[in-house]
Amino acid sequence: MNEWIDRQLLEAFEADGTNAHRLCTADNGWAERFGRDVLISFRTEAARDRIARDLNKWSESVDFLCARVFARFLPKKNEERETPKRLSGNEAELLQTMATEYHLNYGIDFGAGYSVGLFVDQRENRRFVRQVRPKRVLNCFAYTCSFSVMAASVNAQTVNIDLSKKSLERGRQNFTLNSLSSDGHQFIADDVRPVLRRMARRGEKFDVIVLDPPTFSRTKGGRAFHVERDFEELIAAALEVAERAGRILLSTNCETLDEKALERMARYCLKLSRRAGSLHRQPPPADFPPRTGAKTVWLTLH
């Protein structure tokens with residue numbers, strides 16, 4: 001498998017004000033675009049080299065001007081993750097740059113760690129948030145707050161929770177990049193689970209909640225989070241702070257969970273909470289082949 005997007009899809013992205021998307025899905029790797037830069041993610045050096053060679057041919061065939069190429073190894077364990085390495089392009093150019101999605105700007109940093117600042121496989125879910133025009137959004141595991149930027153662009157208030165203060169600061173910067181005031185938005189550097197409990201006790205409610213936890217993480221206090229073991233508890237806690245007709249995004253990159261598993265968890269938690277709801281999936285992103293990218297399901301409460 002070595003599928004590159006065609007010129008028609010590339011031009012459609014440009015017309016939509018989007019220059020952050022996947023370019024190619026191949027055996028043991030893929031390539032993604034962030035503005036004029038490309039990031040190759042690879043499991044083997046052979047895959048990296050093959051994608052890099054094919055990138056040159058593809059760029060010529062569609063008249064894509066590529067400034068720099070970075071590459072990152074896809075390890076099996078999170079602790080083995082490394083910052084992307086530059087394969088080509090101007091060494092003097094800053095590692096910080098910007099990409100756009102549906103005319104909104106997002107900061108990209110090739111030197112800040114394994115992830116560069118925007119998960120392009122969540123693009124259609126972010127667009128759905130804009131379509132439903134929520135009043136109040138709870139963004140759990142917010143990272144650089146891309147869902148919240150989309151929500152704020154349609155005047156929603158947001159609460160952003162993430163263990164990393166640095167990621168939340170990058171989220172604030174994303175607001176600034178779009179001339180969005182961060183007034184009325186909260187940025188909470190904490191473990192999601194106790195924050196959800198505190199919110200439930202205060203009677204806080206949200207009409208959109210984003211749950212996209214890491215497969216594994218550990219809090220500063222040492223408590224571990226395993227998505228396979230703990231996601232149900234997380235969904236149940238989110239239901240406590242969801243509005244009557246609220247929507248909850250369930251998302252995971254865990255290889256052992258699929259959309260059907262997420263749906264089973266959602267139905268179990270609905271039964272526990274004695275609430276009713278329906279499930280749907282957004283259309284898959286056009287630049288992702290089937291069964292690639294994050295597994296996501298929307299739960300809509302009735």
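- Annotation: ring-ring contact (aromatic ring centres under 6.0 Å, His included) contacts of F175 (sequence neighbours excluded): H185, F187.
- Taking the six-membered ring for Trp, H280 and F128 have ring centres closer than 6.0 Å.
- Not counting sequence neighbours, R133 has no partner by the side chain to side chain donor-acceptor pair (under 3.5 Å) test.
- Applying the side chain to side chain contact (heavy atoms under 4.5 Å, CB included) criterion to E11, with sequence neighbours excluded, gives R7.
- In this structure a side-chain-to-backbone donor-acceptor pair under 3.5 Å is missing from K135 to F206.
- With hydrogens and angles disregarded, a donor-acceptor distance shorter than 3.5 Å links the side chain of T252 to the backbone of C254.
- Every residue two or more places apart in sequence or in another chain was checked for a ring-ring contact (aromatic ring centres under 6.0 Å, His included) with Y268, and none qualifies.
- Listed by chain and residue number, K165, L168 satisfy the side chain to side chain contact (heavy atoms under 4.5 Å, CB included) test with A189 (two or more places apart in sequence, or in another chain).
- Taking hydrophobic clusters as Ile, Leu, Val, Met, Phe, Trp and Tyr residues chained together by side-chain heavy-atom distances below 4.5 Å, L196 shares a cluster with I188.
- Under the rule for a side chain to side chain donor-acceptor pair (under 3.5 Å), D207 has no partner lying at least two apart in sequence or in another chain.
- Every side chain to side chain contact (heavy atoms under 4.5 Å, CB included) that Q96 has, sequence neighbours left out, goes to L94, D109.
- At a cut-off of 3.5 Å, with distance as the only test, no side-chain donor of T158 or N139 sits close to an acceptor on the other residue.
- Under 3.5 Å, the side chains of D162 and S164 contain no donor-acceptor pair of N or O atoms.
- A distance of 6.0 Å separates CZ in R50 from CG in D27, rounded to the nearest 0.5 Å.
- The aromatic rings of F110 and F70 sit parallel to each other, their planes meeting at less than 30°, with 60° as the upper class boundary.
- For D183, the side chain to side chain donor-acceptor pair (under 3.5 Å) criterion is met by S181, not counting sequence neighbours.
- Here D287 pairs with R123 in a salt bridge; the nearest charged N to carboxylate O distance falls below 4.0 Å.
- The salt bridge (charged side-chain N to carboxylate O under 4.0 Å, His left out) search around R72 returns none, not counting sequence neighbours.
- Between D54 and W4, some side-chain heavy-atom pair lies under the 4.5 Å cut-off.
- R68 and S88 form no side-chain donor-acceptor contact under 3.5 Å, judged by distance and modelled atom types alone.
- Y143 belongs to a hydrophobic cluster with F119, counting contacts under 4.5 Å between side-chain heavy atoms of Ile, Leu, Val, Met, Phe, Trp and Tyr, direct or through other members.
- Judged as a side chain to side chain contact (heavy atoms under 4.5 Å, CB included), and not counting sequence neighbours, the contacts of S153 are L104, R130, M150.
- With sequence neighbours excluded, no residue forms a ring-ring contact (aromatic ring centres under 6.0 Å, His included) with Y114.
- Side-chain contact annotation: D212 with Q122, donor-acceptor N/O pair under 3.5 Å present.
- Salt bridge status for E263 with K260: absent, with no side-chain N to carboxylate O gap under 4.0 Å.
- Ion pairing between R198 and D190 holds under the 4.0 Å rule for side-chain N and carboxylate O.
- Classification of R22 and E32 as a salt-bridged pair holds, one side-chain N sitting under 4.0 Å from a carboxylate O.
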